[in-house]
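Values in this document were obtained by computation on a predicted structure and should not be read as measured data. One-based numbering along the sequence shown. Heavy-atom basis, side chains included; hydrogens, waters and symmetry copies ignored.
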Amino acid sequence: MTRHPLLLIADWAHHSWLDSKQPARSERARAAACAQLLARFPMLAEAAATQLPWFAGALSRPAFARLLRTSAALACAYSLRHVITAPARAQFARAIGLPVLAALQCHPRAQREPLRFDPPVDCFNRHSITAAGLAIALRATSGAAQRQWLQLRLPCQCAQDAAQWSLQDTAARTALDLIGDAFLLLDARRTPC
């Protein structure tokens with residue numbers, strides 16, 4: 001787990017969680033946003049709350065969202081094996097921002113049954129697959145305060161939509177393995193040959 005400074009919560013949280021609905025830029029605005037978030041979510045002030053999961057602490061918001069989309073795509077890799085036409089591949093890459101469809105289709109998870117999302121995940125909808133990835137991350141995280149930190153990282157609407165998938169029949173270890181595989185897949189794409 002990575003420790004995150006409590007006073008940087010205004011920088012960590014997406015601005016949609018703030019009353020002003022815009023990022024806190026000045027020191028005074030950051031302090032006010034921090035006070036507002038701590039008043040709204042008092043569990044964030046718990047001693048263990050700043051211990052973030054290994055997959056969340058060091059990533060920027062776009063990288064974190066990309067990791068979540070990749071983990072959700074891996075969870076649906078069995079279904080993604082059927083995306084074979086060039087226009088469908090291009091649509092997936094444009095909509096989701098994951099040009100690794102071939103890597104997803106060749107991954108060992110593509111041979112396994114997908115996670116059961118009810119309602120099903122729309123793999124061509126960026127918001128839907130990000131929310132599904134957040135649901136996986138929330139399932140992989142044990143503490144309520146840590147789950148709240150993860151929700152604050154993304155837009156408020158994404159966190160609300162992630163709540164529709166409880167994934168109760170999915171083991172926390174399975175969710176953590178999905179995130180680990182997604183992390184390795186993204187890291188392999190970044191590493192030069």
Practice prompt. With the side chain counted from C-beta on, respond yes when Trp149 and Ile9 share a heavy-atom pair under 4.5 Å apart, and no when they do not.
Written response: yes

Fill in: Min side-chain heavy-atom separation His14-Leu154 under 4.5 Å
no

Worksheet item: So, does Arg139 use its side chain to make a donor-acceptor pair with the main chain of Ala171 at under 3.5 Å?
Response: no

Worksheet item: Between the side chain of Thr174 and the main-chain N/O of Thr170, is any donor-acceptor distance below 3.5 Å?
Response: no

Worksheet item: So do Phe183 and Thr70 actually touch side chain to side chain, heavy atoms under 4.5 Å?
Response: no

Item to complete: May I ask you to test the Ile179-Ile136 pair for a side-chain heavy-atom distance under 4.5 Å?
Response: yes

Worksheet entry | Test side-chain contact (heavy atoms from CB on, under 4.5 Å) applied to Leu44 and Leu152, step by step | CA-CA 11 Å; Leu44 297 176; Leu152 288 174; 3.5 Å; yes

Worksheet item: With no hydrogens and no angle check, is any side-chain donor or acceptor of Gln36 less than 3.5 Å from a backbone partner on Leu18?
Response: no

Worksheet item: Are the side chain of Ser128 and the backbone of Asn125 linked by a donor-acceptor contact shorter than 3.5 Å?
Response: no

Item to complete: Look at the side chain of Arg25 and the backbone N and O of Arg30, then say whether any donor-acceptor pair between them is shorter than 3.5 Å.
Response: no

Worksheet item: Parallel under 30°, tilted from 30 to 60°, perpendicular over 60°: which one fits the rings of Phe64 and Trp12?
Response: tilted

Worksheet item: Donor-acceptor pair, Arg61 side chain versus Arg153 backbone, under 3.5 Å?
Response: yes

